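This is a predicted model, so every value here is computed, not measured. Every number for a ligand or one of its atoms is a count from 1 in the order of the listing.
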Amino acid sequence: MRTIPVKTASADYPVHIGRNLFAQIPRHIQKSAARSAFVLTSPEIWALWGKKFLAAFPKSDAPTVLFLPAGERHKRLTQVERLASELTNAGADRSSLLIAFGGGLIGDLGGFLAAIYMRGIDYIQIPTTLLAQVDSSVGGKTGVNLATGKNLIGSFHHPRAVFADIEVLQTLPDRELRAGLFESVKAGIIRDPALFRFMEHNAAAILARDPDALERVIVASIRMKAGVVAIDERESALRMILNYGHTLGHAIEAATGFRALLHGEAIAWGMLAALQIALARKTVGPDQAERIEQTILAYGPLPPFRARLAKLLAAAGRDKKNRAGTRRFILPKGIGNAIVVEDVSEAELLTAINGLLARARKE
Ligand SMILES: NC(=O)c1ccc[n+]([C@@H]2O[C@H](COP(=O)([O-])OP(=O)(O)OC[C@H]3O[C@@H](n4cnc5c(N)ncnc54)[C@H](O)[C@@H]3O)[C@@H](O)[C@H]2O)c1
Ligand SMILES: [Zn+2]
């Protein structure tokens, strides 16, 4: 087992990465001040892993299980209210602990529920998708969607600990695995040249879920994110680089109604498009751009999509990461470094989006 500490101005907690981690959770709860524990999961994840999870607990001490249905459309306040009522009915109080056991959806909603239930209770994350392990379970961002946009209601609330168990990834659908790996490729591109090189040369082993290869990718991705969040917890500057591929990625998700692509796939398309801006601005050379592109594509296939230019442009302007009037892009600077630019012109954006749309239709 590997442990990476996350230290920010407001939190200090361990992220454990390894196999057979469920066995450690009861001990962790015992050591905490929690007097009762509740698990939030989905029926699908519970069917696959619930038995093994419960086997780690003494029968008399099994946590109460709450369910959230799978699907982004359930990441809503109504579910938070329902679950809070279920917590109350089951006797949860200020000293209770919530265990978010699932993908990013359960982590985000569970973290938010923990942030506001009785003005805040402790929670731990057991992320079960690669995306949740390498990205969403670390950093303390929690929240739910509104009809008007994703993640518009939320709060910063860090978990007490994260247990990223590589074994649970064995049941993850292939497409979900690949979608999460795009965020790890991103981690390499923006801040970790060694991770980039490893992913450049070991795609076959990683995609075959070789445990050692996966562990290496997960550890490096978490270390990258933990390092960035430690310096910039609230996204004032450095944390913005985590959004490489996200300005256009979010626009693609919105313009395709959040149905055609998984988040990581939209981000991969967004990274390819932003790479063209970087190439034109010479923040990457042609050889570097080629290596970045080939490495992103190695974790494909990228599903094709169609979207109207006007819709994409409008959505790119609405991205909440933009300050009024500026178009913010994260561009790779060489491999393993990135910069934030605020002056991307209308013409540059149009070229990037037109190139993207032509390619996305064909792919
Ligand atoms: N808080 C953050 O910093 C942050 C960062 C990135 C993304 N997010 C959020 O994360 C969410 C997406 O998370 P996600 O990609 O993990 O999707 P998800 O949680 O919706 O899970 C994807 C699918 O995989 C299934 N699944 C999960 N674990 C499984 C397993 N081990 N075996 C088999 N099936 C499994 C789920 O049932 C679901 O159908 C979005 O809501 C996004 O906004 C948050
Ligand atoms: Zn992302």
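With salt bridges taken as basic N to acidic carboxylate O contacts below 4.0 Å, none links Lys141 and Asp108. A salt bridge between Asp174 and Arg178 is present, with a side-chain N of the basic residue lying under 4.0 Å from a carboxylate O of the acidic one. A salt bridge does not link Glu233 to Arg239: none of the charged side-chain nitrogens sits closer than 4.0 Å to a carboxylate oxygen.
Note: an N/O pair closer than 3.5 Å links Gly104 and ligand 1 by distance alone. At a 3.5 angstrom cut-off on N or O pairs, Asp135 does not count as close to ligand 1. Considering backbone and side-chain atoms together, Glu72 places an N or O closer than 3.5 Å to an N or O of ligand 1. Taking distance alone, with nitrogen or oxygen atoms compared against 3.5 Å, Ile106 stays at or beyond that limit from ligand 1.
Of the protein's non-hydrogen atoms, Glu176 OE2, 3.6 Å is the one closest to atom 23 (C) of ligand 1. Of the protein's non-hydrogen atoms, the one nearest atom 28 (N) of ligand 1 is Thr128 OG1, 2.7 Å. Atom 38 (C) of ligand 1 has its closest protein heavy atom at Ala70 CB, 4.6 Å. Protein heavy atom at the shortest distance from atom 20 (O) of ligand 1 is Leu105 CB, 3.7 Å. Considering only non-hydrogen protein atoms, atom 36 (C) of ligand 1 sits nearest to Ile45 CD1, 4.5 Å. Annotation: atom 43 (O) of ligand 1 to nearest protein heavy atom, Lys75 NZ, 2.9 Å.
Inspection of the Thr41 and Trp49 side chains reveals no N or O donor paired with an N or O acceptor under 3.5 Å. No side-chain donor from either of Arg291 and Gln294 sits under 3.5 Å from a side-chain acceptor of the other. Ser137 and Gln125 are not linked by any side-chain donor-acceptor pair at a separation below 3.5 angstrom, with hydrogens and angles left out of the test. In this structure, a donor-acceptor pair under 3.5 Å is absent between the side chains of Glu183 and Ser221. Looking only at atom types and distance, the side chain of Glu235 has a donor-acceptor partner in the side chain of Asn243 under 3.5 Å away.
A tilted orientation is assigned to the rings of Phe57 and Phe53, their planes being inclined by 30° to 60°.
If you look at Leu48 next to ligand 1, the close heavy atoms, those under 4.0 Å, all belong to the side chain. Proximity of Ala179 to ligand 1, defined as any heavy-atom pair under 4.0 Å, is not found for any part of the residue. At a heavy-atom distance under 4.0 Å, no atom of Glu183 approaches ligand 1. Looking at Thr142 against ligand 1, nothing comes within 4.0 Å, counting heavy atoms. Contacts of Asn151 with ligand 1, taken as heavy-atom pairs under 4.0 Å, involve the side chain alone.
Which parts of ligand 1 touch Pro173 is read off a 4.0 Å heavy-atom cut-off, strictly below it: atoms 33 (C), 34 (N). Residue-ligand proximity, Thr129 to ligand 1, at heavy-atom distances under 4.0 Å covers atoms 14 (P), 16 (O), 21 (O), 27 (C), 28 (N). Atoms of ligand 1 lying under 4.0 Å from at least one heavy atom of Asp108, given by number and element, are 1 (N), 2 (C), 8 (N), 9 (C), 43 (O), 44 (C).
Both the sub-6.0 Å distance and the 45° axial angle are satisfied by Arg216 relative to the ring of Phe198.
Of the protein's heavy atoms, at least one falls inside 4.0 Å of atom 33 (C) of ligand 1. Proximity of atom 30 (C) of ligand 1 to the protein is indicated by at least one non-hydrogen atom lying closer than 4.0 angstrom.
Less than 6.0 angstrom separates the ring centroid of Phe22 from the ring centroid of Phe101. No close placement of the Phe112 and His157 rings is indicated, their centers lying 6.0 Å or farther apart. Aromatic ring centres of His263 and Phe182: separated by at least 6.0 Å.
Of the candidates Gln133, Lys141, His246, the one placing a heavy atom closest to atom 1 (N) of ligand 1 is Lys141. Heavy-atom proximity to atom 5 (C) of ligand 1, evaluated over Ser136, Gly103, Ala132, is greatest for Ser136. Residue Leu131 holds the heavy atom nearest to atom 12 (C) of ligand 1 of all those in Asp165, Leu131, Leu169. Between Ile267, Leu172, Leu109, it is Leu172 that holds the heavy atom closest to atom 35 (C) of ligand 1.
Within the structure, ligand 1 lacks Gly143 among the residues with a heavy atom less than 4.0 angstrom away. Heavy-atom distances between His263 and ligand 1 stay at or above 4.0 Å for every pair. For Lys225, the heavy-atom gap to ligand 1 drops under 4.0 angstrom.
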- Task: Could you please spell out the steps behind the salt bridge (Lys or Arg N to Asp or Glu O under 4.0 Å) verdict for Glu167 and Arg19?
- Result: CA-CA 6 Å; Glu167 207 178 58; Arg19 277 161 259 178; over 6 Å; no
- Kindly indicate, with the supporting measurements, whether the criterion side chain to side chain contact (heavy atoms under 4.5 Å, CB included) is fulfilled by Lys225 and Asp135. CA-CA 7 Å; Lys225 184 157 184 189; Asp135 190 356; 2.8 Å; yes
- Would you check, one step at a time, whether the test side chain to side chain contact (heavy atoms under 4.5 Å, CB included) holds for Ile190 with Asn337? CA-CA 4 Å; Ile190 61 174; Asn337 197 2; over 6 Å; no
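The nearest N/O/S atom of Glu183 to the Zn ion (ligand 2) is OE2.
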